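On a predicted model such as this, the values are computed, not experimentally measured, just so you know. Whatever order the structure lists ligands and atoms in, that order sets their numbers, starting from 1.
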Amino acid sequence: MKFIDQTEIHVSAGRGGDGMLSFRTARNMPKLGPDGGNGGIGGSVYLVGKKGQNTLSSLRYRQLYRAADGGKGGTNNKTGKTGAHKVIHVPLGTVVKNREDGSILGEILEAGQKLAVAQGGRRGYGNLHYVSATNRAPRQMTHGQKGESRSLCLELKLLADVGFAGLPNAGKSTLLSRLSAARPKVADYPFTTLVPNLGVMEVFSGSEPQEDGLNVDSLVLADVPGLIEGASVGKGLGHHFLRHLERTALISYVVDPYSLTDPDPALALAQLQRELADYSAELAMKPFVVVFTKKDMQTWVESERETHLHELCQELDRRKTPWIQVSSIDGTGLANLKNMLVQEYCLLKNGKINEEVKGI
Ligand SMILES: Nc1nc2c(ncn2[C@@H]2O[C@H](COP(=O)(O)OP(=O)(O)OP(=O)(O)O)[C@@H](O)[C@H]2O)c(=O)[nH]1
Ligand SMILES: [Mg+2]
């Protein structure tokens, strides 16, 4: 199952630097006094969230991540160099577990979020540190301590941006395969898709992502198994996966308006929306677009279906709900669909979306 991507790594923080045992000296003079500096702190290992990264696979090639050791304290009260930290970039949605006991150390959800996974070792003290009223010339110093070291299990639960909700056979997986590099199974029978499929839709070609922090260079699309009437109370397969739709920013209802077995498109859409609403109020409130599939079948259907579809589209226009008609077979409308998804996503992320309830 592609939905969860996981890998194991070992992280090892740097050792703290030793303190120095030293006395100031001058030519022809006895020892003048202690001047041994402290060691430097060992470097720590951090995981840092990075936008636009959608897999843990880059971490598979390297298993050990080490931060640098702290430097040794010097004469003349010189403090040792602090060990450089090691930063490991991980995708958003990475759950970090301790491999030994399975305990969760944290979850990276935002870009730039930092999680310390191995703390650098403590510094050792030089003999100057131990000077006191009763001991003016201590010969005491301490060694730096070992840094933390542990094995981690990283698990990625990708946060999809757009979720496809549709009746079985509506063409969701085919659509995903046309919009991304994902290659889910496609067949002309219901419930072909048994677990969610994720695909990364590339939006950008070459230029830098926008400065406002929006991740518009790619959107993660989730194709979930088909929903049937009663999905919200456990019928079919879809209900297992409705929770994944809860984590998406935008829902895309996928409707085959020309299906001979599905209800009329308006009824099909209403049924899908009812299932989502029955599952959770939050899902019902989510912004959405409507994608009508299989446009290439238009000429094969009776005009009554076409009239119904036309009426539904007019109704969607009145409600200012974005909709589009596409064909995954001949590619009609796919470029516009891409633009539509990006535009809606950006509007949402900018908080400009009109919060009217767009229920039908
Ligand atoms: N003519 C035509 N057929 C399509 C189009 N898109 C999908 N199909 C066909 O419709 C059938 C179902 O497609 P899928 O992509 O498997 O549908 P799905 O919605 O993922 O189905 P489930 O996984 O069962 O819910 C397949 O036979 C596809 O080849 C299209 O644009 N035009
Ligand atoms: Mg499918």
Identity of the nearest option to atom 32 (N) of ligand 1, non-hydrogen atoms only, from Asn197, Asp256, Asp296:
Asp296
Lys294/Asp256 ion pair, N-O < 4.0 Å:
yes
Within a distance under 4.0 Å of any heavy atom of Pro168, pick out the atoms of ligand 1 and give their elements.
25 (O)
In this structure, atom 31 (O) of ligand 1 is nearest to the protein heavy atom Ser328 N, 2.8 Å
The closest protein heavy-atom partner of atom 19 (O) of ligand 1 is Lys172 NZ, 2.7 Å
List the closest protein heavy-atom neighbour of atom 17 (O) of ligand 1: residue, atom name, distance to the nearest 0.1 Å.
Gly171 N, 3.1 Å
Thr293 versus ligand 1: do any nitrogen or oxygen atoms come within less than 3.5 Å of each other?
no
Atom 5 (C) of ligand 1 [closest protein heavy-atom partner, distance rounded to 0.1 Å]:
Lys294 CG, 3.5 Å
Is Arg136 reaching over with its side chain to a backbone N or O of Gly33, donor-acceptor style, under 3.5 angstrom?
no
Scan side-chain atoms only and decide if Asp35 and Ser22 contain a donor-acceptor pair under the 3.5 Å cut-off.
yes
Do any nitrogen or oxygen atoms of Asn169 come within less than 3.5 Å of a nitrogen or oxygen of ligand 1?
yes
Using atom types as modelled and distance alone, determine if a side-chain donor or acceptor of Ser280 lies under 3.5 Å from a backbone N or O of Leu283.
yes
In ligand 1, which numbered atoms sit nearer than 4.0 Å to a non-hydrogen atom of Met297?
1 (N)
Just by modelled atom types, is the Arg150 backbone N or O under 3.5 Å from a matching donor or acceptor in the Arg99 side chain?
no
Within less than 4.0 angstrom of ligand 1, does Ala187 place any heavy atom?
yes
Before you tell me yes or no, could you show the steps for Ile9 and Ile88 under side-chain contact (heavy atoms from CB on, under 4.5 Å), namely the whole-Å CA-CA distance, both residues' side-chain angles and the distance that decides it to 0.1 Å?
CA-CA 11 Å; Ile9 58 171; Ile88 308 170; 4.0 Å; yes
Ion pair check, Asp69 and Arg66, cut-off under 4.0 Å:
yes
For a distance under 2.8 Å, tell me if Ser173 has an N/O/S atom near the Mg ion (ligand 2).
yes
The protein heavy atom nearest to atom 2 (C) of ligand 1 is Ile329 CG1, 3.3 Å
In the protein, which heavy atom is nearest to atom 29 (O) of ligand 1, and how far is it?
Val186 CG1, 3.8 Å
Which of the numbered atoms in ligand 1 are below 4.0 angstrom from a heavy atom of Ser327?
31 (O)
Check whether any N or O atom of Ala170, backbone or side chain, sits under 3.5 Å from an N or O atom of ligand 1, and answer yes or no.
yes
Using the rule side chain to side chain donor-acceptor pair (under 3.5 Å), only one of Asp296, Thr332, Thr174 pairs with Ser327; which is it?
Asp296
Give a yes or no answer on whether the side chain of Asp18 reaches the backbone of Gly144 with a donor-acceptor pair at less than 3.5 Å.
yes
Please report which non-hydrogen protein atom sits nearest to atom 13 (O) of ligand 1, along with the residue it belongs to and the distance in Å to one decimal place.
Thr174 OG1, 3.4 Å
Please list the nearest protein heavy atom to atom 20 (O) of ligand 1 with its residue and the distance rounded to 0.1 Å.
Ser173 OG, 2.8 Å
Going by the atom numbers of ligand 1, which of them fall below 4.0 Å from some non-hydrogen atom of Gly226?
25 (O)
Electrostatic pair Glu155-Lys97, nearest N-O below 4.0 angstrom:
yes
What's the separation between atom CD in Gln314 and atom CD in Glu311, rounded to the nearest 0.5 Å?
7.0 Å
